[in-house]
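Inspection log for the structure reproduced underneath, given as structure tokens.
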Amino acid sequence: MDRTLAKTLIDVCEKRKKADLLIRNCRIVDVFSKTVFEGSISVIDGHFASFSDEIEADEVIDAGGRYVVPGFIDAHCHIESSHLSPAAFSDLIIPKGTTTVIADPHEICNVAGLDAMRYMLMASADLPLSVYYMFPSCVPATDSEHAGAVLLASDIDTMIDDERILGLGEMMNYPGIAAGLDFVLDKLECAYSRGKFIDGHAPDVKDRDLDAYSACRIKTDHECSTPEELRDRVRRGMYVALRQGTACKNVLDLLPGVNDDNLSRIMFCTDDCQCETIIDEGHISNGVNLAIGAGLKAEKALSAATLNAALCYDLRDRGAIAPGLKADFFICDSLEKIVPDEVFVSGKLTAKGGKILSPSSHIKPEKVSGMMNVKNFSSQRLVLPLEGDEARVIKIIPGSVVTENCIRKVSRDEKGNFTRDEKTDILKIASVERHKGTGNVGLGLIEGYGMKSGAVATSISHDSHNIIVVGTSDEDMERAVNELISTGGGVTIIQKGKVLMTHPLEIAGLMTDESAQVVYDTLREMHEIAYEKLGVNRNIDPFMTLSFMALPVIPALKITDSGLFDVTAFAFTSVNP
């Protein structure tokens, strides 16, 4: 707010000046008192002015008794997980009612470092979607894998003063916090010294460890899996984001922990959400509708999805419909199931009927394309020697990125190497380093993927984004890796040496400038190929689930380019038990 805007708003409210827009006959959702009242809203210079019906305006709209709702705020997301560039992402989620996101670009920063941060800032600077960033705190996430960059406190210092960078991104290195490691505290100091925020990421952290974590003024967590964990974090002054993404869906599990007394500390987020999920189910609207359907009063759910996130991140100009705030809002027919119709950004109609009215311009992804530097790879690197007839196996848990650390009986060939037994659901999985040409290939076994033939590979593998591949034969796995090398990254499906389909991701091997509809159609077809032709378990997302099998900060057992990693022990382990 400045003096000029304040004077303009006063003049509209006092009828000395016409508004740009007046919407009459509204049911306005008041997220402050969590009620609905009937009235009008006027807008001038992109801001709400008055609730009076007496205001004159250049444009007048009759809402017909429909509801006017503040634009949703996603409290934590990774744009990269949509597979879309920031421009295409904006075009996709604004029609779903989301007008502001708090994004953490640690996916692309793990590939291209500060160049990636600069690209994301540039590519989102002039979009209708308001994109704020948290500077990635853990690049790489751990020293158990090789990423494309290492970002230290000195790197954070160079950019954290940007007004669109609100603070330090999700602090995944909770063991480093508990140990009081200097290089971790140096990063926290970057936020402390500027009065900026710190996001959390603390699955299964509790008791004294959680005390130490929250004592560092880490403000949020989106990794709660039980109502008890939610209450533990709120008790320590943290905000909790109810997450509803593609692979991680926690809203219904956490909702029993939400009550009137702690509602003010609850937000909504998507974290990792593919564009297919957004098109089919919604964005923040999806989590809100699930909560409403489960019995949470609509006005309370909407308050969590708007005002609470604005208060958490000190976004003082938005989050509600009130005089002086930014006029980001949408109109919908019902609060029983919220489906935005007209979406306004800064008071201008930006989307209608689920469609963006004017597609955003894309920024050329300089310095973040063609990031595939793989050396000394062949099928010979996929041979997995075993010492006996039992092996340690990563067990997939459908609907979760958490895995189990299991011991299973397996088959070996005459040389003692793992060989697939068609009677069991145990497959070989590998992580192939793609950033520095180290030649690293980490090998393991996985259960629950369900594949009967072929291979799937992706250059999206959280958090370091090396190539991750799973398959029934070394030959198909080799073909899959080579396909991604030749295309510059993406997702591919192989069967009997043939490429069935590839989804190229030319921006750091993570995103594309193609439209959401193109990506949606491609992934939908690839999902069906994976399920129908390869036999992948229909209870999992074949690509996003695979991408999380390399995330060595989420329990219990994961694969990195350096080998199997026991997250519970925070140490490497062997396939041989």
Side-chain angles (χ1 to χ4, degrees), residues 370 372-386 394 396 410-415 417-434 437 439-461 465-506 509 512 521-538 540-547 549-550 559 561:
M372 302 295 289
N373 182 15
V374 178
K375 293 290 169 50
N376 303 322
F377 178 77
S378 71
S379 61
Q380 292 301 309
R381 303 298 309 282
L382 300 172
V383 175
L384 179 57
L386 297 175
I394 302 168
I396 294 172
V410 295
S411 297
R412 297 186 294 165
D413 63 19
E414 63 279 1
K415 295 181 180 180
N417 299 320
F418 170 79
T419 183
R420 176 176 170 258
D421 183 348
E422 294 183 1
K423 296 177 182 178
T424 68
D425 181 21
I426 297 176
L427 300 168
K428 190 179 295 183
I429 187 169
S431 176
V432 182
E433 196 276 326
R434 72 166 173 109
N440 275 19
V441 178
L443 296 176
L445 298 173
I446 191 165
E447 178 182 66
Y449 196 74
M451 183 188 293
K452 303 299 188 293
S453 69
V456 172
T458 175
S459 54
I460 304 169
S461 63
H465 298 290
N466 291 305
I467 296 172
I468 190 166
V469 57
V470 63
T472 60
S473 75
D474 293 351
E475 292 73 26
D476 277 353
M477 292 173 72
E478 178 187 38
R479 181 72 179 88
V481 171
N482 286 331
E483 170 69 5
L484 293 188
I485 294 171
S486 65
T487 60
V491 184
T492 191
I493 301 174
I494 308 294
Q495 190 175 52
K496 296 179 180 179
K498 180 182 177 182
V499 179
L500 299 186
M501 195 167 182
T502 297
H503 171 38
L505 296 171
E506 72 277 7
T512 177
D521 291 341
T522 299
L523 286 175
R524 184 171 57 177
E525 184 176 353
M526 291 184 75
H527 276 85
E528 284 309 304
I529 291 172
Y531 294 136
E532 290 291 332
K533 294 189 176 182
L534 273 61
V536 172
N537 182 358
R538 283 189 175 269
I540 65 171
D541 182 290
F543 313 126
M544 184 165 275
T545 299
L546 185 59
S547 74
M549 294 303 103
I559 185 72
D561 68 295

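Quantities reported herein were computed from a predicted structural model and do not represent experimental measurements.
- Of the possible polar contacts, none joining the Thr502 side chain to the Pro504 backbone as a donor-acceptor pair under 3.5 Å is found.
- Side-chain contact check for Met549 versus Ile468: some heavy-atom pair is nearer than 4.5 Å.
- The closest donor-acceptor contact from the side chain of Thr492 to the backbone of Ala480 lies at 3.5 Å or more, if one exists at all.
- Going from atom CG of Asp561 over to atom OG of Ser461 covers 9.0 Å, rounded to the nearest 0.5 Å.
- Contact of the Leu500 side chain with the Lys533 side chain is registered, since non-hydrogen atoms from C-beta on lie closer than 4.5 Å.
- Heavy-atom neighbours of Glu528 CD from other residues, nucleotides or ligands within 6.0 Å: above the threshold of 12.
- Inter-residue side-chain proximity for Ile429 and Val469 is flagged as unmet; no heavy-atom pair is nearer than 4.5 Å.
- Using a cutoff of 4.0 Å between basic side-chain nitrogens and carboxylate oxygens, Lys498 and Glu483 are not scored as salt-bridged.
- Residues His527 and Phe543 bring their aromatic ring centres within 6.0 Å.
- In this structure a side-chain-to-backbone donor-acceptor pair under 3.5 Å is present from Ser459 to Gly490.
- The structure places CG of Leu505 at 7.0 Å from OG1 of Thr458, a figure rounded to the nearest 0.5 Å.
- The side-chain heavy atoms of Ile446 and Ile396, taken from C-beta on, include a pair separated by under 4.5 Å.
- Just one residue in the list Arg479, Lys428, Arg420 forms a salt bridge (charged side-chain N to carboxylate O under 4.0 Å, His left out) with Asp474, and that residue is Lys428.
- Remark: side-chain polar atoms of Tyr449 are paired, donor with acceptor, to backbone N or O of Pro542 under 3.5 angstrom.
- Between the side chain of Asp476 and the main chain of Lys496, a donor-acceptor pair closer than 3.5 Å is present.
- Judged by distance alone, the side chain of Glu478 and the main-chain N or O of Ser379 form a donor-acceptor pair under 3.5 Å.
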